[in-house]
Amino acid sequence: MSGQADKAPGRANLGFAGGFDDELDRFDPAEWSAPRQPRPKPAPETQAASRQLAEATGFRSREPGAGEGDSRRKAAPKPDTDPTTESKPAPRPQRRRRTGRNAQFNIKARPETIEAFCAVADAHGWGLGETLEHAVTLLAADLEARGKRRG
């Protein structure tokens, strides 16, 4: 036997060193797969029976437009007062801009602090990263003025 197995001392010969190149050259994947035949469409009676069975068992189709007019899909009437909507805060506007800032800084804060921080950002028209930079600059200047700068 010749090949890589002979050149690598200490390796066991598993019988893969030679002989497969010829077999791979002769291999034709088309011989292994049968040509695909299109599936025949079921008869309309069969489709209707399947649909009735699906509706009877509560199956909900994921097909677009399927089930339109189905009574199960109609939205239930909303009650006059919904207690869950009263306690939900209004959704915040998105604050995405291209600023060159690419480091993430996650902190935990109380909800009131986050609301106050966002209110400052909104009042000045700043993004949250820009607001943080202004806050750090002001706090650093305050520390320096007091002579308490660490460093």
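In what follows, every heavy atom counts, from backbone to side chain, and hydrogens, waters and symmetry copies are set aside. From a predicted model like this one, the values you see are computed outputs, not experimental measurements.
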task: Return each pair, listed once, that meets salt bridge (charged side-chain N to carboxylate O under 4.0 Å, His left out) where at least one residue sits in residues 123-132; pairs must be two or more places apart or across chains.
output: R97-E130

field: Spacing of OG1 belonging to T113 relative to CZ belonging to R110, to within rounding of 0.5 Å
entry: 4.5 Å

- request: First locate atom NE2 of H134, then atom CG of L139, and finally report the distance between them rounded to the nearest 0.5 Å.
  value: 13.0 Å

Side chains of residues 38-50: which donor-acceptor partners sit under 3.5 Å, not counting sequence neighbours?
| unit_1 | atom_1 | unit_2 | atom_2 | d |
| --- | --- | --- | --- | --- |
| S50 | OG | T46 | O | 3.0 |

- line: Note: A121 and G127 closest approach over all heavy atoms is CB-O, 4.3 Å

message: Same cluster or not: V120 versus L138, using hydrophobic residues (I, L, V, M, F, W, Y) connected whenever any side-chain heavy atoms lie under 4.5 Å apart?
response: no

- prompt: Looking at L132 and F105, what are the two nearest heavy atoms and their distance?
  reply: CD2-CD2, 3.8 Å

message: Please check if the number of heavy atoms outside R101 that lie under 6.0 Å from its CZ is greater than 12.
response: yes

Nearest-0.5 Å distance that lies between atom CD1 in I114 and atom NZ in K108: 10.5 Å

